[in-house]
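By convention in this document, chain letters (A, B, ...) are assigned in the order of the sequence lines, proteins followed by strands, and residues within each chain are numbered from 1.
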Protein chains: 2
Amino acid sequence: MPLDDRKKRILEAVINDYILTAEPIGSRTIAKRYDLGVSSATIRNEMADLEEMGYLEQPHTSAGRIPSDKGYRFYVNNILEHYLKETYDYEFESFNEVFAEIDEIVKKYAKLLSSITNHTIVVKMPRIDENTIKRIQILPVDSNKLILLVMTESGIMKNYLISLKDNIDSNLFEFLNNLINNKMTGKRKREVDKTLRDEIKKESGSAMGFIDKITDTILNSLKQMDETDLYSEGISNILNFPEYKDLFKAKTFFDLIDNKDIMNSVLEPEDDSIEVTIGSESKFEEMWDLSIIKSTYKINGEIVGTFGIIGPTRMNYKRLINEINMMSNELSKVLSYIYQENKR
Amino acid sequence: MPLDDRKKRILEAVINDYILTAEPIGSRTIAKRYDLGVSSATIRNEMADLEEMGYLEQPHTSAGRIPSDKGYRFYVNNILEHYLKETYDYEFESFNEVFAEIDEIVKKYAKLLSSITNHTIVVKMPRIDENTIKRIQILPVDSNKLILLVMTESGIMKNYLISLKDNIDSNLFEFLNNLINNKMTGKRKREVDKTLRDEIKKESGSAMGFIDKITDTILNSLKQMDETDLYSEGISNILNFPEYKDLFKAKTFFDLIDNKDIMNSVLEPEDDSIEVTIGSESKFEEMWDLSIIKSTYKINGEIVGTFGIIGPTRMNYKRLINEINMMSNELSKVLSYIYQENKR
DNA sequence: ATTAGCACTCTTAGCTTGAGAGTGCTAATC
DNA sequence: GATTAGCACTCTCAAGCTAAGAGTGCTAAT
């Protein structure tokens, strides 16, 4: 049975008020605050219907109603769409010409979003994994150490210090540098595997034994770059919500945010749009009284990471969806601008 | 008036018990739990004396006593020294040869220390500022972008992406690279200032206008590296302490940890040893019910950053001092090992 | 100098109670 | 038939009260 218009309006009213007050909402409150043209008794009946249909719940008899996960879902899917028509188009004025590492920029945006929304933000940082290697280079530091610098097409940079057992002379170094540069540039990181190593091995000829070791080391360090990088900002914002005045619940929340496995899975982008997961819709029990709104961010059209706003299911979906939308668009734009080739 | 032996033992007993229970300690409890050979009445009198002398305080009449900041200070200075005789000597077994960025290593140790101690750890990350530049290099990315890579004597590495208004040709690039390399290597970062810029300008000759701009950009990005980098780990551990069951207090604590100015000042190393600041000894009002135990960490003898364990004044100074001591020694050793030149 | 004893103080956990908010049902009304 | 007024009933929660418990400080005895 589809919801008639009055039921929709009542559901919306309950959600709106509950988002604000975190208190169960009674029929009289709605009759007073919203001009629905019917008395509280009618609303009372409608609310009983909505509860029976699963959109509302009652914490205990003779308390008001609160929205259920299903109620929020209906709200997000059916009621919210009217408000989300606006598109944001942001024009960049001017740019400084020095850019921090990409991670710093992403963190800055996470911080901004957290302070605007007063929510906890979780971020999957840009990963090097799926990207094409644009530049790979080794640089000598001293006789037995070198820096491995990798930069991908989308602008992610990583550097690692490699310490060698034996000293390396400058001719050999030059040779090695050219070799890995030729072999690895333009490849995706995951393509840089054993086959490639064998190829390098073959070409290195006389210096083989030594080159062999170094190549292994380099491949190793590339593997290290794999580890997903998670970041969070504004965790303590959870304490602003009265439902987290219980210390134990707060502690559980902190532990959840620190749980790399769950966060990683939760932040995995499923499609290109903004996704909302409400309470028990999550496959993780730990998330059942939380909602997350997540959005990807991109460099030149390629998804490089994910942003999420996480908080109690009672969240201001309307406002937050707008804000994450704006923010991820802007971040993508900034990153793309920086890493765009020959832009002028 | 110096404390006689019995008073010392009673003070120690109060502190020990209070660290464990977070409850005011009464005379009877001490008589029962510690075998001092006197009755509770005697202890009662002694405690009254200790209170008058400022080592103990009473939350309200007819409650037990809790240690004052002065009490803790006395404990740390006079009682603890017996326990701190042990020295740790750690031998490294073997090392993998790829090292993550220095920051990652420091963070790993912070995490470890936090999980061992169940306290919040604040860290001043390695700074490039006071260190000699060992290697500075620009690398072309594409026609209008380059990477600036700086490495200091102690092994701190930073890289920045620089985006140029105009394209740069490879001859000019080579020239510029040699120039900044010659001029900046071996200098301390803060010495790389306007004077140097002028020098570079003078030598650049015909290409001057262009080089000028790039040099400015480079100096700018060096300035960016200045910003102190603070890091914290295990913030939520504060919720383990009953004195932070009050949500408002917890929130204040979180804000304090996020306050870069205060944390930066608090973590400024004053001397080479382990420092303990107890409650109101701090110049920051925000720290008055907190204590911090801090220790520096070094690379090849040079201080590069600071570690701090922060928590309620009721902390297990004895255990924590030992643990931060061990940890910072080990970290210094690891870092020095990695960045030691020609170690084999 | 130490200790037993005791009156006194202060806090806190547990209990009771009444106000307030809200429901669901019934009967009257539009 | 849908809406509404009215009312009995339910449940929560804050306020006030009380008694138990922990601890002190003082006095007088050892």
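Ring geometry for A:F307 versus A:Y297: interplanar angle over 60°, hence perpendicular rather than tilted (30 to 60°).
Within the shown strands, D:dT10 is the pairing partner of C:dA21 under the Watson-Crick or G-U definition, both distances less than 3.5 Å. Figure legend. D:dT30 is base-paired to C:dA1; pairs are counted as Watson-Crick or G-U wobble with both atom distances under 3.5 Å.
Between the P atom of C:dG22 and the CD1 atom of A:I10 lies a distance of 15 Å, rounded to the nearest Å. Regarding B:E23, its CD atom lies at a distance of 11 Å from the C1' atom of C:dT12, rounded to whole Å. A straight line from CE of B:M47 to C1' of D:dG25 spans 13 Å, rounded to a whole angstrom. A:R28 places its CZ atom 18 Å from the C1' atom of D:dT3, with the value rounded to the nearest Å. The CG atom of A:L56 sits 16 Å away from the C1' atom of C:dG24 (whole-angstrom rounding). For A:L36 and D:dT3, the CG to C1' distance is 14 Å, given to the nearest whole Å.
Considering only side-chain N and O atoms, A:T61 lies nowhere under 4.0 angstrom from the phosphate OP1 or OP2 of C:dG24. Checking the phosphate oxygens (OP1, OP2) of D:dT24, a side-chain nitrogen or oxygen of B:R65 falls inside 4.0 Å.
Judged purely by distance below 3.5 Å, without hydrogens or angles, the side chains of A:S27 and A:S40 never pair a donor atom with an acceptor atom. A donor-acceptor pair shorter than 3.5 Å can be found between the side chains of B:N264 and B:K124. A:T29 and A:Y34 form no side-chain donor-acceptor contact under 3.5 Å, judged by distance and modelled atom types alone. Remark: the A:T120 side chain and the A:N237 side chain contain no N/O donor-acceptor pair separated by less than 3.5 Å.
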Protein heavy-atom contacts under 4.0 Å, written 5' to 3' over nucleotides 1-8 of chain C as B (base), S (sugar-phosphate only) or - (none), form the string -SBBB---
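Judged by closest nucleotide on DNA chain C, B:A63 is the one of A:E51 and B:A63 placed further toward the 5' end.
When all heavy atoms are compared, the tightest approach of B:Y231 to B:A110 is CE2-CB, 4.1 Å.
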